[in-house]
Structures are given as structure tokens and as C-alpha cells.
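Below you'll find the structure, written out as C-alpha cells, and then a few comments.
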Amino acid sequence: EIQVSGESAPPLTLDRILTAGNKEVPQGTEATFSRGTARASVNVSIRLPGQHQPREFANVRIKDGTVFLPVPLAFLCHAKEDHETVMGVSSRLLQDGVLTWIDTKDLLAGDDWKLKIRNAIRISDYVIAFLSSASVGKKGFVNKELKHALEEHDLRPQGHRFIIPVLIDGCEPPEYFRDIHWISMTETDWYQKLLSALDL
């Protein structure tokens with residue numbers, strides 16, 4: 001329980017801190033709070049584990065003692081051939097306040113990896129599907145991940161942005177992405193487009 005005091009106003013009590021998607025913040029997250037100018041709100045300075053600099057958020061609403069931080073979780077779907085590229089993007093996203101889920105980072109010894117991956121897709125706010133000439137058309141679990149992501153996409157409200165295809169090179173996206181607009185890393189502003197797609 002955290003109490004946030006302000007001048008000439010009763011203190012606000014925070015019982016829980018969650019991300020915007022109702023997920024727990026990672027262990028090791030550092031956060032400080034001050035009373036916001038809007039009713040029942042706080043200003044938050046938060047530094048996620050591995051972030052170099054904290055990020056500031058003003059007038060974050062409190063509901064029933066819970067503050068929901070505007071920190072999205074993105075599942076990064078990729079083939080092993082593209083792992084180095086994707087890890088670089090993951091590190092960059094973290095500095096911009098995006099939590100990422102990657103099998104090599106988040107699976108532990110003894111985990112039922114198929115179950116964990118499917119659950120990670122289900123709870124993520126976004127799935128970023130990295131595609132390349134090396135991975136498109138390749139058989140393997142990455143196609144099952146994409147299938148799970150498409151199934152989850154169908155359960156979301158129509159028009160809701162969930163899967164974000166990112167083309168690493170000049171490959172042609174698969175047919176099942178024909179109705180989803182993609183981003184190409186061959187464009188100079190691809191990263192800014194990615195942040196915009198993540199509502200950042």
C-alpha cells in the first residue's frame with residue numbers, strides 16, 4: 001500500500017500497480033509517485049529493469065486503489081535466424097517503455113514451453129511478427145506462434161490493432177497477413193512507425 005499526499009488534499013492510497021493491460025509490473029521496477037493535477041490521478045516516474053533512464057507520466061488515473069501504467073507488453077515472434085536482429089529491437093523498445101516477451105529471455109528450464117508461449121501471446125497487448133527471407137515459408141514452431149496470434153487476433157474487437165508484422169528485409173509477407181498492414185525495416189522511419197503502432 002502506497003499513500004500519495006498533496007497540498008490541501010487528502011492522501012490517495014495505491015493498493016496495486018499494474019500495466020495498462022492488467023499485468024503485474026516486473027520485479028525490480030522502480031517507481032515514484034506524486035499527486036497529479038487531475039482528480040484521482042498521480043504523476044509517475046518509472047524505470048523498468050534494464051531501462052537506462054526513467055520515464056515520466058502525468059495524471060495517470062487511479063481506479064479502486066489501482067494505478068494502471070501506460071506500459072504495453074509485446075510478444076516478439078521470430079525465427080532463430082533473426083534472433084540477433086530481434087534482440088536489438090527488444091533492447092530499443094525497452095528504453096522506450098515497452099515490455100517484451102521473447103522465448104530465449106523469458107522461458108526457464110523446466111517450463112512447458114508450448115503452453116508458456118501460447119499464454120504469453122494471449123496476455124500480450126501486441127504481437128510483433130518479425131519476417132525475413134530466411135523465415136517466410138519456413139516450417140517450424142514460428143508458424144504455430146503466428147497461428148496462435150491470428151486466433152487471438154480473431155477474438156479481439158474488430159479493428160483492434162494486435163498483430164504488427166515487421167519485414168526485416170525485402171521479403172513478401174505470407175498470404176494470411178494480406179489484411180494487416182506491415183512495417184518494413186528497409187524504410188528509414190520504420191522504428192517510429194513501430195512506436196506509433198504501439199500507441200507510443
Side-chain angles (χ1 to χ4, degrees), residues 1-77 86-102 105-106 116 119-130 149 152-153 155-166 180-181 183 188-200:
E1 182 178 287
I2 302 170
Q3 289 209 335
V4 182
S5 300
E7 295 180 8
S8 68
L12 295 170
T13 300
L14 305 181
D15 298 316
R16 295 188 74 193
I17 305 168
L18 300 175
T19 70
N22 288 321
K23 290 170 281 293
E24 300 288 343
V25 295
Q27 189 172 8
T29 297
E30 299 173 4
T32 57
F33 302 88
S34 61
R35 197 178 189 103
T37 55
R39 184 175 177 273
S41 73
V42 289
N43 302 322
V44 184
S45 175
I46 181 171
R47 188 168 71 86
L48 300 168
Q51 261 189 323
H52 303 318
Q53 298 293 331
R55 290 178 62 84
E56 314 290 332
F57 300 100
N59 294 323
V60 179
R61 293 286 182 183
I62 301 170
K63 184 176 180 182
D64 299 325
T66 301
V67 60
F68 295 94
L69 300 174
V71 176
L73 171 64
F75 180 95
L76 306 190
C77 178
V86 172
M87 288 301 292
V89 176
S90 175
S91 297
R92 198 169 173 183
L93 286 171
L94 174 62
Q95 301 311 317
D96 286 310
V98 180
L99 295 170
T100 60
W101 200 102
I102 303 177
K105 173 173 68 74
D106 294 288
K116 290 276 285 191
N119 185 59
I121 291 171
R122 182 183 59 79
I123 68 170
S124 291
D125 300 301
Y126 302 96
V127 171
I128 305 176
F130 290 89
E152 188 63 33
H153 174 77
L155 298 175
R156 310 262 168 150
Q158 189 172 8
H160 177 83
R161 189 183 305 114
F162 179 61
I163 300 175
I164 304 171
V166 175
I180 303 176
H181 192 61
I183 296 167
T188 56
D189 61 345
W190 72 270
Y191 186 72
Q192 188 54 52
K193 288 181 177 179
L194 178 58
L195 292 182
S196 295
L198 297 171
D199 293 322
L200 297 175

Could you tell me if the side chain of [Y] sits less than 4.5 Å from the side chain of [X], heavy atoms only?
| X | Y | result |
| --- | --- | --- |
| Val25 | Leu69 | yes |
| Leu76 | Val89 | no |
| Leu99 | Val71 | yes |
| Val44 | Thr32 | no |
| Arg35 | Val42 | no |
| Glu56 | Asn43 | no |
| Pro165 | Ile180 | yes |

Applying side-chain hydrogen bond (donor to acceptor under 3.5 Å, both in side chains), can you list everything that pairs with [X], at least two apart in sequence or on another chain?
| X | value |
| --- | --- |
| Asn59 | Thr37, Ser41 |
| Thr66 | none |
| Thr188 | none |
| Ser90 | Thr100 |

Look up atom [atom1] in [X] and atom [atom2] in [Y], then write down how far apart they are to the nearest 0.5 Å.
| X | Y | atom1 | atom2 | answer |
| --- | --- | --- | --- | --- |
| Asp106 | Lys116 | CG | NZ | 8.0 Å |
| Cys77 | Ile121 | SG | CD1 | 6.5 Å |
| Phe162 | Asp125 | CZ | CG | 8.5 Å |
| Tyr126 | Leu93 | OH | CG | 12.0 Å |
| Glu152 | Phe75 | CD | CZ | 12.0 Å |
| Phe57 | Ile46 | CZ | CD1 | 7.0 Å |

Worksheet, complete the sentence: Correct closest heavy-atom pair for Ala74 and Ile128 would be CB-CD1, 4.0 Å

Fill in: Over all atoms of both residues, closest heavy-atom pair of Arg122 and Arg156
O-NH2, 3.0 Å

Discussion item. Can a donor-acceptor pair be found, under 3.5 Å and without considering hydrogens, that links the side chain of Lys23 to the backbone of Ile123?
Written reply: yes

Worksheet item: If you draw a 6.0 Å radius around NZ in Lys63, do more than 12 non-hydrogen atoms from other residues or ligands fall strictly inside?
Response: no

Distance-only donor-acceptor hits, side chain of residues 48-55, under 3.5 Å, sequence neighbours excluded:
{"from": "Gln51", "atom 1": "OE1", "to": "Leu48", "atom 2": "N", "distance (Å)": "2.8"}
{"from": "Gln51", "atom 1": "NE2", "to": "Leu94", "atom 2": "O", "distance (Å)": "3.0"}

Check salt bridge (Lys or Arg N to Asp or Glu O under 4.0 Å) between [X] and all other residues, then give those that pass, not counting sequence neighbours.
| X | value |
| --- | --- |
| Glu24 | Arg16 |
| Arg61 | none |
| Arg47 | Glu30 |

Pairs under 3.5 angstrom only: tabulate donor-acceptor contacts from the side chains of residues 190-198 to other protein residues two or more places apart or in another chain.
{"from": "Tyr191", "atom 1": "OH", "to": "Arg92", "atom 2": "O", "distance (Å)": "3.1"}
{"from": "Tyr191", "atom 1": "OH", "to": "Asp96", "atom 2": "OD2", "distance (Å)": "2.6"}
{"from": "Lys193", "atom 1": "NZ", "to": "Glu187", "atom 2": "OE1", "distance (Å)": "2.5"}
{"from": "Ser196", "atom 1": "OG", "to": "Gln192", "atom 2": "O", "distance (Å)": "3.1"}

Worksheet item: Going by the salt bridge (Lys or Arg N to Asp or Glu O under 4.0 Å) test, which pairs reach into residues 157-166, not counting sequence neighbours?
Response: Arg161-Asp199

Item to complete: Might you work through the side-chain contact (heavy atoms from CB on, under 4.5 Å) test for Phe33 and Ile17, ending with a clear yes or no?
Response: CA-CA 11 Å; Phe33 302 88; Ile17 305 168; 3.5 Å; yes

